[in-house]
K.L.:
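Sending over a structure as structure tokens; questions will come in a sec.
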Amino acid sequence: MPELPEVQTVANHIKPYVIGKYVLSINPIWDKVLDNFHHQDIKGRNKILDVTRRAKFIIINFEKFLIAVHLRMTGKLYVLEGTDIPKHTSAIMELESGEKLIFEDTRKFGRIYKYDDLMLINEKHGPEPLEDDFTSEWLLTNFKSRKRNIKALLLDQSFLSGLGNIYVDESLWASNIHPNSISCYIPKKKIIILHKNIREILSESIEQLGTTFISFTFLNGQSGNYSNELKIFGKQGAPCIKCSNTIEKIKVAGRGTHVCSKCQKIHK
DNA sequence: CCATGAACCTGGTCGC
DNA sequence: TGCGACCAGGTTCATG
């Protein structure tokens, strides 16, 4: 599930259930899940002050530290209903209220981190695409100063936070830019359009509670509806809605990539 | 500085 | 039905 809109949706969803409550412990079920700390480092009862998002991390804020949860490919974070612990549970956070916050992760790539503050995460991540410091001027300057494959660059979290395979493909298609373009050769006009499209697509997806696929319902019957809005991702073989050319699936930057070769021009 | 491929894992799908 | 190959919305590391 996990690009910016999905992570934001999870953080928004969990927040009202846990805010103001006390965490007693974090139990690793899969032994590698706690990346940079030991479960015994969590002492006593710790009050959850807030649940937020930075990049693709869900940030659980406590008074003296924070817990950052990265869902990677298949992670899910939710308050358990009932008593059966799901098969692929990676970790369980026990609340004083008796509730359990479950980190379920089929492929076990997800990790939980403990930090004093956001410093270390901020150092390794680019701007938030929906914040004011992500401007078209910034994007222009930083595209021109690099000579990189555009898709690889947009996926690079140290460059820009939060985009993943779905939203990069959608943003590039909306901007008529081929994913094999080189950043410094993309015309200014298209960079400005791309900037606008990234923000619009992410905002719209957050409103729709993100993209989830048919087989996965979110929680309490809620599911993300942005899957209905996808224009290019997963549409290989179908006609492009702008030009009716057949959408292809190719490999770019090591990832499956959806492209309309008629609409999307290669700048290189 | 940049690109590529492997590694980390499990499960679903597709072709034979 | 069975089986192998390949794929998956992410990130990191080694190598050239």
K.L.:
Measuring only the P atom in each nucleotide, how far is B/dA6 from C/dA5? A whole number of Å is fine.
P.N.:
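Comparing P positions in B/dA6 and C/dA5 gives a spacing of 15 Å.
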K.L.:
Using atom CZ of A/Phe159 as one end and atom P of C/dT11 as the other, report the distance to the nearest whole Å.
P.N.:
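In whole Å, C/dT11 P lies 15 Å from A/Phe159 CZ.
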K.L.:
Mind calculating the distance between CG (A/Leu153) and C1' (B/dT4) to the nearest angstrom?
P.N.:
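That distance rounds to 17 Å.
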K.L.:
Do the side-chain N and O atoms of A/His178 and A/Lys268 include a donor-acceptor pair separated by under 3.5 angstrom?
P.N.:
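Not at all, the side chains of A/His178 and A/Lys268 share no donor-acceptor pair under 3.5 Å.
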K.L.:
Can A/Asn46 and A/Glu63 be said to form a side chain to side chain donor-acceptor pair (under 3.5 Å), step by step?
P.N.:
CA-CA 7 Å; A/Asn46 297 281; A/Glu63 284 172 72; over 6 Å; no
K.L.:
According to the Watson-Crick and G-U wobble definitions, with both distances under 3.5 Å, which nucleotide is paired to B/dC9?
P.N.:
none
K.L.:
If you only use heavy atoms from C-beta on, which nucleotide in B/dC2, C/dT11, B/dG11 is closest to the side chain of A/Arg146?
P.N.:
B/dC2
K.L.:
Examine B/dA3: is either OP1 or OP2 under 4.0 Å from a nitrogen or oxygen in the side chain of A/Lys147? Give yes or no.
P.N.:
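Checking A/Lys147 against B/dA3: no side-chain N or O falls below 4.0 Å of OP1 or OP2.
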K.L.:
When we call it a touch if two heavy atoms are under 4.0 Å apart, what does A/Gly254 touch: a base, just sugar-phosphate, or nothing?
P.N.:
nothing
K.L.:
Could you work out which one of B/dC2, B/dC8, B/dG11 sits closest to the side chain of A/Phe109?
P.N.:
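Looking only at side-chain atoms, A/Phe109 lies closest to B/dC8.
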K.L.:
Heavy atoms only, 4.0 Å cut-off, all strands: where does A/Asn149 land among base, sugar-phosphate and nothing?
P.N.:
sugar-phosphate
K.L.:
Touch check for A/Lys249, heavy atoms < 4.0 angstrom, all strands: base, sugar-phosphate only, or nothing?
P.N.:
sugar-phosphate
K.L.:
Relative to each other, are the rings of A/Phe143 and A/Phe159 parallel, tilted or perpendicular (30° and 60° limits)?
P.N.:
parallel
K.L.:
Check whether any side-chain N or O of A/Lys56 sits under 4.0 Å from OP1 or OP2 of C/dT11, and answer yes or no.
P.N.:
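Yes, A/Lys56 has a side-chain N/O under 4.0 Å of OP1/OP2 on C/dT11.
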K.L.:
Please report the distance, rounded to the nearest Å, between NZ in A/Lys251 and C1' in C/dC7.
P.N.:
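Going from A/Lys251 (NZ) to C/dC7 (C1'), I get 8 Å.
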K.L.:
A/Leu4 CG to C/dT11 P: how many Å, rounded?
P.N.:
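The distance from CG of A/Leu4 to P of C/dT11 comes to 11 Å, rounded to the nearest Å.
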K.L.:
Would one find a side-chain N or O of A/Gln157 under 4.0 angstrom from OP1 or OP2 of C/dG10?
P.N.:
no
K.L.:
Could you pick out which residue, A/Tyr113 or A/Arg107, lies toward the 5' side of DNA chain C when each is mapped onto its nearest nucleotide?
P.N.:
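Counting from the 5' end, the first nearest nucleotide belongs to A/Arg107.
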K.L.:
Could you please name the option among B/dT10, C/dG10, B/dC8 that lies closest to any side-chain atom of A/Arg72?
P.N.:
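Ranking B/dT10, C/dG10, B/dC8 by closest atom to the A/Arg72 side chain puts C/dG10 first.
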K.L.:
Show the numbers, then the answer: is there a side chain to side chain donor-acceptor pair (under 3.5 Å) between A/Asp50 and A/Thr52?
P.N.:
CA-CA 6 Å; A/Asp50 202 0; A/Thr52 55; 5.6 Å; no
K.L.:
Would you tell me if any nitrogen or oxygen in the side chain of A/His88 comes within less than 4.0 Å of OP1 or OP2 on B/dC9?
P.N.:
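So the side-chain polar atoms of A/His88 never come under 4.0 Å of the phosphate oxygens OP1 or OP2 of B/dC9.
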K.L.:
Side-chain N or O of A/Lys87 versus OP1/OP2 of B/dG11: is the shortest distance under 4.0 Å?
P.N.:
yes
K.L.:
Is a donor from one side chain sitting under 3.5 angstrom from an acceptor on the other, for A/Asp105 and A/Thr74?
P.N.:
yes
K.L.:
Any idea how A/Phe134 and A/His195 line up, ring-wise: parallel (<30°), tilted (30 to 60°), or perpendicular (>60°)?
P.N.:
tilted
K.L.:
Pick base, sugar-phosphate or nothing for A/Gly110, based on heavy-atom distances below 4.0 Å to the nucleic acid.
P.N.:
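Answer is nothing: A/Gly110 stays at 4.0 Å or more from every strand.
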K.L.:
Expressed in angstrom and rounded to an integer, what is the separation of A/Lys32 atom NZ from B/dC8 atom P?
P.N.:
8 Å
K.L.:
Any chain of hydrophobic side-chain contacts (each under 4.5 Å) joining A/Leu71 to A/Tyr113?
P.N.:
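No, it is not one cluster - the side chains of A/Leu71 and A/Tyr113 are not joined through contacts under 4.5 Å.
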K.L.:
With a 4.0 Å limit, can you tell me whether A/Arg255 has a side-chain N or O closer than that to the phosphate oxygens OP1/OP2 of C/dG10?
P.N.:
yes
K.L.:
Check this one for me: any side-chain N or O of A/Arg148 less than 4.0 Å away from OP1 or OP2 of B/dA3?
P.N.:
yes
K.L.:
Give me the distance, rounded to whole Å, that separates B/dC9 from C/dG2 when you measure between the C1' atoms they each carry.
P.N.:
23 Å
K.L.:
To the nearest angstrom, how far is A/Ile250 atom CD1 from C/dC7 atom C1'?
P.N.:
17 Å
K.L.:
How close or far is atom P of C/dT11 from atom NZ of A/Lys151, stated in whole angstroms?
P.N.:
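Going from NZ in A/Lys151 over to P in C/dT11 covers 13 Å.
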K.L.:
B/dC9, C/dT11, B/dT10: which one has an atom nearest the side-chain heavy atoms of A/Trp30?
P.N.:
B/dC9
K.L.:
Quickly work out the A/Asn142 CG to B/dC2 P distance and round it to whole Å.
P.N.:
11 Å
